[in-house]
Structures are given as structure tokens and as C-alpha cells.
A.B. asks: 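Structure in C-alpha cells, see below.
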Amino acid sequence: MASNGNGSLANGASTRGKPIKCKAAVAWGPGEPLAMEEVEVAPPGRLEVRVKLLFTSICHTDLSFLKGERKFPRILGHEAAGVVESVGDGVENLAAGDHVVPIFNGECGACAYCESGKTNLCGTYRVNPFKSTMASDGGTRFSVVDGSGERRPVYHFLNTSTFAEYTVLDAACAVKVHPKAPLDKMCLLSCGISTGVGAAWNTANISTGSTVAVFGLGAVGLAVAEGARLRGAARIIGVDINSEKFTKGKEMGVTDFIDSKACDKRVHEVIREMTDGGVDYSFECTGINDVLREAFLSTHDGWGLTVVLGIHATPKMMPLHPMELFDGRRITGCVFGDFKGKSQLPDIVDKCMNGKLNLNFDGFITHKMPFSDINKALQLLEEGKSLRCVLHL
């Protein structure tokens, strides 16, 4: 892995303990374009860190949230990398100048959940899409001053809020990484690559020679394929309505492609015929109920496992009858690839740096743009023309 895309922090000492004014892409309301505003970022509170972000990227979750009826104004974004500018009281494992990757699913390291080997959730800092303030005091660290001089709070998003030049994170949501790791690539570990690769490695624990079906070949689906390839899967079947994605899929290890729009029978029937009864593992990466059912039925009876990665809208329920589970097929969800972020991601980065692990970061980055072009980047993702657009701040 080449060492490039890094940055440094020159003025950390002069800004510590003081508010910082910087640019941020603020979401003022559902469906509105993000507005580039000057925001004030408060110093970090207890067990918090303030980070100068150098790179951020766009995920479908940002798009989905922007279209919904939520609390605004808000700073979205949850894939990024940067440098710690200052730390709040009580922070022991991070210091100014450390290179970090924000994570939306935090790890305090001390609660019953973090001490358990059975989950990567944290009692306090786990992912919560409805959370809009900091854990320590229920307040925000962002504000804007309108034309009348009135100060208005700007809310947080997914524990991270990375569409800004500076952000404040709970220390539990900041992962220290190798200082020479290229931060323009490391930002993808905040969500997409970790979620997909981890689903293959941790949740499914794919073994050499396995058969796999991936439903939805966006960034997360392709990360699943990448993880399956690295685990030595014998056959990786990619399912999508866009046949143009096969070229990129092949690069990530997909061996067979099914255009679900062109099938003359149900997709699970096609997969069962291709694999003598069904795949060992299927991964649903679309958030569409009908696709989830096809993914479930595409696995082999007796031992098939379906991993749910797509974000499904409420109030739709799982499209399965309980008795269908008596065939031996299993189904499970997955958050952040079942990685314990602060405990496990640094080792992944170190292995990439020393050549022991060859994750294809470059394959996911289809565009690079300045932060000011963020609305253009959102449009490219919505139109299906990009996987990950990395914005440099």
C-alpha cells in the first residue's frame, strides 16, 4: 500500500480549548441540497476529541437520511479520516496529532457489551440513527450564527458528522491508525469496507471453497465479495439489476453475475441450479424485502446462512414464515461487519501496511473531488455512477 494522502496539523496548540470556525456542509431540511456554511465547533468535552478531517466520503446512508423527516439542521457524513486536534478531559488513549478514523459504532472498552466476545455493540456508544447530540451532556458541539446574530445549534449524525472541516467525536468513536497509512483510503474503513469485509469474515466466517451470493453490488456488496475472495471462496455470485456492475464486480472477486431483470425465473431458483441446491452464504445488501427473501431462499437447506446488511424501511417486516427456518437455513443481521472498531481495525490497517493483507481500497474509489463539490458527489451516488467519492477538505 502506497503511503500518500496524509496530512498534518500545524496549529493544534493554538486552538486547543477554543472554539474553531470552519466550513461544513449543513443539511437544513429533508431533500434540500447541502449548504456550505461557516460553523463554530466547540472544544471537546469530557471523553471527547476534536478532529481535523482531511478526507470524507459519501455513503447511501447519508442520502437516505437526507431524504427523511428527521431533526435539522444537521451535519451528516460518517466515512472519514483525519488528525486529532485536541482531546477533552479523561481521554487517555488518544492525543493531538494522532491519525484517526471515525466510527459510527463506538467501543468504550469497559461495559458488559465491550467485554463480551459475542457482540461488537457498546452499551453507550453503539450506532443509533436517532441520536443527534453528544453522550456526555446531551448537547451539540456545532453551531451557526444567523444574520440577526442568533446562535443556533447544529445537530450531530451517527456519532461522527464528517461533512465538516472539524468535528467532535466521543473518544470511543475514534480509531487510532498507523501514522503512515494513506488517510484518503483509510476513510473507507469508517463504514463501507469494514461492513462488507467484516460480514464475510466475522459474521459468516466464510471458509475456503465456499459458495457465496451477494445481492446488490454497491460498495458494501462489493466489499463482501472482496472479503469472500480473500477468504478463498470458490464461487461468488453477484446479483444486481445493473449488468454494468459486473466489470467492477469481477475486479473484486465476483465469478458469476445474474442480471435479476433478465431472469426468466426467480433468482433463487437460478442460483440453486447453478450451485447444486444453493449457496453456503448469501448477503442481502439492498434493503428491499423481496430481495431479502430471494437471498434467503438461495442458500442451501441444512446449513445456509443469510446475512442482512441492507437498511430496511419501517414498518416492513421480515418476509419469512417461522417454519421456513426448520429447513436448517439461518438468517442474521450485521452491524459494522461485527468488528470491534477500536480493538480490531488498527490491526487490519497494520496488516495492510506491512503487506500481510491486500485489501483493494483503490477499487472502491471511483471519484475524488474537493469538499466544495459535495452535492455533485451526492448526485453521482444517487444516480449509481459512483461507488465511493472521496472528498478532500
A.B. asks: Taking atom types as modelled and ignoring hydrogens, do the side chains of Ser116 and Thr119 form a donor-acceptor contact shorter than 3.5 angstrom?
C.D. replies: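 Judged by distance alone, the side chains do not pair up.
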A.B. asks: Flag the pair Asp89 and Arg46 as a salt bridge only when some basic side-chain nitrogen lies within less than 4.0 angstrom of an acidic carboxylate oxygen.
C.D. replies: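 Looking at Asp89 and Arg46, the cut-off is not met.
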A.B. asks: Flag the pair Asp184 and Lys368 as a salt bridge only when some basic side-chain nitrogen lies within less than 4.0 angstrom of an acidic carboxylate oxygen.
C.D. replies: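 Looking at Asp184 and Lys368, the cut-off is met.
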A.B. asks: Would you call Glu85 and Arg50 a salt bridge, taking side-chain N to carboxylate O under 4.0 Å as the test?
C.D. replies: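 Yes, Glu85 and Arg50 are salt-bridged.
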A.B. asks: If I take atom SG from residue Cys108 and atom CD from residue Glu115, how far apart are they, to the nearest 0.5 angstrom?
C.D. replies: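 If I round to the nearest 0.5 Å, the distance is 8.0 Å.
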A.B. asks: Might you confirm whether atom CD1 of Ile311 has over 12 heavy atoms from other residues, nucleotides or ligands at distances under 6.0 Å?
C.D. replies: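 Incorrect, the count does not exceed 12.
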A.B. asks: I would like to know whether Asp280 and Thr299 meet side-chain contact (heavy atoms from CB on, under 4.5 Å); could you show each step before the answer?
C.D. replies: CA-CA 6 Å; Asp280 300 312; Thr299 61; over 6 Å; no
A.B. asks: Is a salt bridge present between Arg272 and Glu269, judged by a nitrogen-to-oxygen distance below 4.0 Å?
C.D. replies: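 Salt bridge between Arg272 and Glu269, a charged N being under 4.0 Å from a carboxylate O: no.
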A.B. asks: More than 12 heavy atoms of other residues, nucleotides or ligands under 6.0 Å from CG of Asn354: is that the case?
C.D. replies: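 More than 12 heavy atoms, drawn from other residues, nucleotides or ligands, come within 6.0 Å of this atom.
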A.B. asks: Got more than 12 heavy atoms from elsewhere within 6.0 Å of CD, Glu32?
C.D. replies: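 Counting other residues, nucleotides and ligands, CD of Glu32 exceeds 12 neighbours.
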A.B. asks: Determine whether more than 12 heavy atoms belonging to other residues, nucleotides or ligands lie under 6.0 Å from atom CG of Asn205.
C.D. replies: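 Counting neighbours around CG of Asn205, more than 12 heavy atoms of other residues, nucleotides or ligands fall under 6.0 Å, so yes.
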A.B. asks: Would you call Asp327-Arg329 a salt bridge at under 4.0 Å N-O?
C.D. replies: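 Between Arg329 and Asp327 there is a salt bridge, with a charged N closer than 4.0 Å to a carboxylate O.
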A.B. asks: Any salt bridge linking Glu38 with Lys23? Criterion: basic side-chain nitrogen under 4.0 Å from a carboxylate oxygen.
C.D. replies: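 No, no charged N to carboxylate O under 4.0 Å.
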A.B. asks: Are any of the side-chain nitrogens in Glu40 or Arg152 under 4.0 Å away from the carboxylate oxygens of its partner?
C.D. replies: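 Between Arg152 and Glu40 there is no salt bridge, as every charged N stays at least 4.0 Å from the carboxylate O atoms.
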A.B. asks: For the pair Asp256 and Arg235, find out whether any cationic side-chain nitrogen is under 4.0 Å from an anionic carboxylate oxygen.
C.D. replies: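 Here Asp256 pairs with Arg235 in a salt bridge, since their nearest N and O are under 4.0 Å apart.
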A.B. asks: Between His300 and Trp303, how do the two ring planes meet: parallel, tilted or perpendicular, split at 30° and 60°?
C.D. replies: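 If you compare the ring of His300 with that of Trp303, the planes turn out parallel.
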A.B. asks: Just say parallel, tilted or perpendicular for the rings of Phe104 and His78, cut-offs at 30° and 60°.
C.D. replies: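 Rings of Phe104 and His78: perpendicular, as their planes differ by over 60°.
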A.B. asks: Between Arg293 and Glu324, does any side-chain N to carboxylate O distance fall below 4.0 Å?
C.D. replies: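 Glu324 and Arg293: salt-bridged.
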A.B. asks: Checking Ser148 now: which residues fulfil side-chain contact (heavy atoms from CB on, under 4.5 Å) with it, not counting sequence neighbours?
C.D. replies: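 Listed in chain order: Asp146, Glu150.
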A.B. asks: Who pairs with Tyr113 by ring pair (Phe, Tyr, Trp, His ring centres under 6.0 Å), at least two apart in sequence or on another chain?
C.D. replies: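 Here no residue qualifies.
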